[in-house]
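Since the structure is predicted, the reported quantities are computational estimates derived from the model, not experimental observations. Order of the sequence lines fixes the chain letters, A, B, ..., with proteins taken first and strands second; residue numbering starts at 1 for each chain.
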Protein chains: 2
Amino acid sequence: MFARIIAATPHPNWLSDLGMTSRPEPLVSVSEFTHKKGTEIYGEEEPAEYVYQVKTGAVRSYKLLSDGRRQIGAFHLAGDIFGLENSGAHRFTAEAIVDTTVRLIRRQSLELVAASSAVVSKNLLSVTTRDLQHAEDHMLLLGRKTALERVAAFLLEMDKRLTAAGVMTLPMSRLDIADYLGIRLETVARALSQLRGAGVLDFIGNNQREIVLRDRVRLASFDLA
Amino acid sequence: MFARIIAATPHPNWLSDLGMTSRPEPLVSVSEFTHKKGTEIYGEEEPAEYVYQVKTGAVRSYKLLSDGRRQIGAFHLAGDIFGLENSGAHRFTAEAIVDTTVRLIRRQSLELVAASSAVVSKNLLSVTTRDLQHAEDHMLLLGRKTALERVAAFLLEMDKRLTAAGVMTLPMSRLDIADYLGIRLETVARALSQLRGAGVLDFIGNNQREIVLRDRVRLASFDLA
DNA sequence: CGGGGGCTTGAGGCCACTCAACGATAGTGG
DNA sequence: CCACTATCGTTGAGTGGCCTCAAGCCCCCG
């Protein structure tokens, strides 16, 4: 599965994200791997051998119903850690949305370090808590918000995470957004058109995935606290 | 707030749930408190001073939108631990659904023990992971399932958790169920009627909260894997 | 016995879904 | 370089599942 290991040099960022800042950790080796657009990184129910961090690119984590309905639980962007499982198996399928390079580390070696380092185990809890918090907020969105509110919330979330130079470049398709927000892709398109018509945002150039937010305050008023 | 501390004797179950089985733990003291039906245990955004476990009764955890829409994230039944926050503040409001007795422990003292005990900190992670898993499954339900599927899934979940002698006694109202499933209470009632008409379940006596499942297999076929 | 809360059921309306057509863009191969 | 094709996004028209509003029942409780 991990046929080509692009690089096997330990990466400081990875370690610092888990709280192992100063000392060199001989037990932990970090590798890198690049997944092509649209390919699976791991599948739901698969044994969780690795923990991942996005170096470049974007990843979607989702669950499927037996008839094909899909719910995306999270998008993972540069810097995000994903695939961290306490039980032994992955609970989502993870796919590269675009060509994506990930850092990876054996779950086993991470647990080994965590067992002896209070700092590391505390950071594992911290990462899990962040995921939990996001899931809890998303339950509120999925259970109680209107389509327009969902799209507005999505734009604000992405704005915080990937806006550079005033422009937000979405890596994911309308279908991905729809399956994240629990609505249909046509509904996403209609909501975006409505927000564009209201002067809240604009598309840049000929690519519909480049968005500039003209009025974040008014956009926020379409969502609710 | 905790005016009457009913009992201050450490309870073995609480400790064992967090992995402190054998040794006496002088740092941790467990108290009990009883909340009357409908009263708040803690509010969203409040500093998290205690961690709780349901001894008897039932609790709902929910978030509100500013216009009053409510999303219940979880029901906590006998034995369940809730209110465990890694950050310092509660992310839900918790209310007693019926008269409820909880065991409680200071968050601070728990963290103190966790810092020195790998077993305890591992169990904190384990509890958090269980919550995360539930939230992830619930996102799929809220984002992608039909009303009938949601109610079927709810009945199967509750069946696992509180069926005694073939009868399931729901502590929560139709409105609570609706706000848990992201639908309206009328829709819950209609789905239950439909399932009753299909012979999958029956109400017992004159109380509509006592339900007996006549055909779990067929009920499961209304939900989806 | 009157009042209120919880539940069910009916009738009508609306928001999001379904189905469909169309335009634009990127990638492919002749 | 230019069809050719596939993919993605937008928009329109009509449908339907769930929501809204309302009435009525049952049971508990004062």
Could you check which of [options] has an atom nearest any side-chain atom of [X]?
X        : options                : answer
B/Ser173 : D/dT11, C/dC7, C/dT8   : C/dC7
A/Glu186 : C/dT25, D/dC19, C/dC19 : C/dC19
A/Gln208 : D/dT20, C/dA16, D/dG9  : D/dG9
A/Arg190 : D/dT10, D/dG12, C/dT8  : D/dG12
B/Ser193 : C/dC7, C/dA16, C/dT9   : C/dT9

Which pair of heavy atoms, one from B/Ile204 and one from B/Val212, lies closest together, and at what distance?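 Looking at all heavy atoms of both residues, the shortest contact is CD1-CG1, 3.5 Å.
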What I want to find out is whether B/Arg91 reaches B/Glu85 closely enough, with some N-O distance under 4.0 Å, to be called a salt bridge.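 B/Glu85 and B/Arg91: salt-bridged.
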Using 4.0 Å as the upper bound for N to carboxylate O, is an ion pair formed by B/Lys145 and B/Asp223?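 Between B/Lys145 and B/Asp223 there is a salt bridge, with a charged N closer than 4.0 Å to a carboxylate O.
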Take the protein atom [atom1] of [X] and the nucleotide atom [atom2] of [N], then report the distance between them rounded to whole Å.
X        : N      : atom1 : atom2 : answer
A/Asp176 : D/dT7  : CG    : P     : 15 Å
A/Leu185 : D/dG12 : CG    : P     : 16 Å
B/Leu192 : C/dG6  : CG    : P     : 17 Å
A/Asp179 : D/dG9  : CG    : P     : 12 Å
B/Asn207 : D/dC28 : CG    : P     : 8 Å
B/Arg70  : D/dC19 : CZ    : C1'   : 17 Å
B/Gln194 : D/dC18 : CD    : C1'   : 13 Å
B/Arg196 : C/dC7  : CZ    : C1'   : 11 Å

Can a side chain N or O of [X] be found less than 4.0 Å away from OP1 or OP2 on [N]?
X        : N      : answer
A/Thr146 : C/dC15 : no
A/Thr187 : C/dC17 : yes
A/Arg209 : D/dG9  : yes

Would you say the ring centers of B/Tyr52 and B/Tyr42 fall short of 6.0 Å from each other?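 Yes, the ring of B/Tyr52 comes within the 6.0 Å limit of the ring of B/Tyr42, centre to centre.
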So, B/Glu95 and B/Tyr62: side-chain donor and acceptor under 3.5 Å apart, yes or no?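 Present: a donor and an acceptor within the cut-off.
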Across the strands shown, which category fits B/Ile183 at heavy-atom distances under 4.0 angstrom: base, sugar-phosphate, nothing?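 Touches sugar-phosphate only.
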Nearest-nucleotide wise, let me know which of A/Arg174 and A/Arg144 is further upstream toward the 5' end of DNA chain D.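 So the residue in question is A/Arg174.
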Report the residue (A/Ala147 or A/Asn206) whose heavy-atom-nearest nucleotide on DNA chain C is the more 5′ of the two.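 Checking each residue's closest nucleotide, the 5'-ward one belongs to A/Ala147.
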